[in-house]
Amino acid sequence: MGQDTIQAIREAEQKADQIEQRAQAESASILAQARSQAKTEMDEMLAKARADSRQALQKARQKADETLAQAAEAAESEIRMLQQNAAAKKGEAIRMVLSELI
């Protein structure tokens with residue numbers, strides 16, 4: 001009976017070692033899988049953030065271009081108006097100078 005008990009204990013220890021080794025291998029596999037999934041998700045989030053950033057930058061550039069075009073158009077309009085006013089007053093200014101000289 002002592003031999004049977006020792007044999008049973010050895011078998012139990014071997015099974016426990018096998019279970020422990022399987023658990024460690026499974027733990028390592030789960031950890032590797034979790035790391036891989038985390039890296040994939042991080043890469044996806046980073047790519048989305050970069051795309052969103054590029055899109056926001058593009059919109060900002062477009063808005064700046066539109067604002068600049070509007071400012072240039074307003075400046076050109078004011079220049080034309082000043083030129084028209086100057087042209088309209090040119091004849092009057094010439095008459096005033098001539099009237100003073102005569």
Side-chain angles (χ1 to χ4, degrees):
M1 180 146 148
Q3 218 35 11
D4 290 339
T5 305
I6 292 173
Q7 184 64 27
I9 292 172
R10 285 185 185 155
E11 287 176 8
E13 287 176 345
Q14 286 176 348
K15 285 182 183 180
D17 285 344
Q18 290 173 352
I19 291 170
E20 184 180 355
Q21 288 173 356
R22 275 189 251 139
Q24 286 177 350
E26 189 175 335
S27 172
S29 174
I30 291 170
L31 183 60
Q33 195 175 29
R35 284 182 177 151
S36 175
Q37 185 175 355
K39 184 183 181 321
T40 299
E41 289 176 8
M42 177 93 97
D43 290 345
E44 288 173 359
M45 288 189 306
L46 186 58
K48 184 181 182 324
R50 285 180 177 152
D52 290 347
S53 177
R54 280 192 295 271
Q55 186 177 13
L57 182 58
Q58 180 64 26
K59 284 183 181 180
R61 284 181 178 157
Q62 184 177 5
K63 178 107 172 131
D65 289 345
E66 290 171 3
T67 302
L68 184 60
Q70 289 173 353
E73 186 177 321
E76 287 175 9
S77 176
E78 189 171 342
I79 289 169
R80 282 192 299 273
M81 189 174 66
L82 290 172
Q83 287 173 338
Q84 289 172 354
N85 286 342
K89 293 182 181 182
K90 182 179 177 182
E92 186 180 327
I94 291 172
R95 273 185 255 124
M96 286 178 67
V97 169
L98 288 177
S99 69
E100 290 293 323
L101 292 175
I102 300 180

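All values derive from a computational prediction rather than experimental measurement.
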Discussion item. Checking Gln14 against Gln18: is there a side-chain donor and acceptor pair closer than 3.5 Å?
Written reply: no
[atom1] of [X] to [atom2] of [Y]: how many Å apart, nearest 0.5 Å?
X	Y	atom1	atom2	answer
Glu20	Ser27	CD	OG	11.5 Å
Lys90	Gln83	NZ	CD	12.0 Å
Glu78	Met81	CD	CE	5.5 Å
Ile30	Arg35	CD1	CZ	13.0 Å
Glu11	Lys15	CD	NZ	6.5 Å
Thr67	Gln62	OG1	CD	10.5 Å

Worksheet item: Do you know which of Gln55, Arg61, Arg54 makes side-chain contact (heavy atoms from CB on, under 4.5 Å) with Leu57?
Response: Arg61
Item to complete: Show the numbers, then the answer: is there a side chain to side chain contact (heavy atoms under 4.5 Å, CB included) between Lys63 and Lys59?
Response: CA-CA 6 Å; Lys63 178 107 172 131; Lys59 284 183 181 180; over 6 Å; no
Fill in: Chi angles and distances behind the side-chain hydrogen bond (donor to acceptor under 3.5 Å, both in side chains) call for Glu41, Gln37
CA-CA 6 Å; Glu41 289 176 8; Gln37 185 175 355; 3.2 Å; yes
Worksheet item: When you measure from the side chain of Ser36 to the backbone N and O of Gln33, does any donor-acceptor pair fall under 3.5 Å?
Response: no
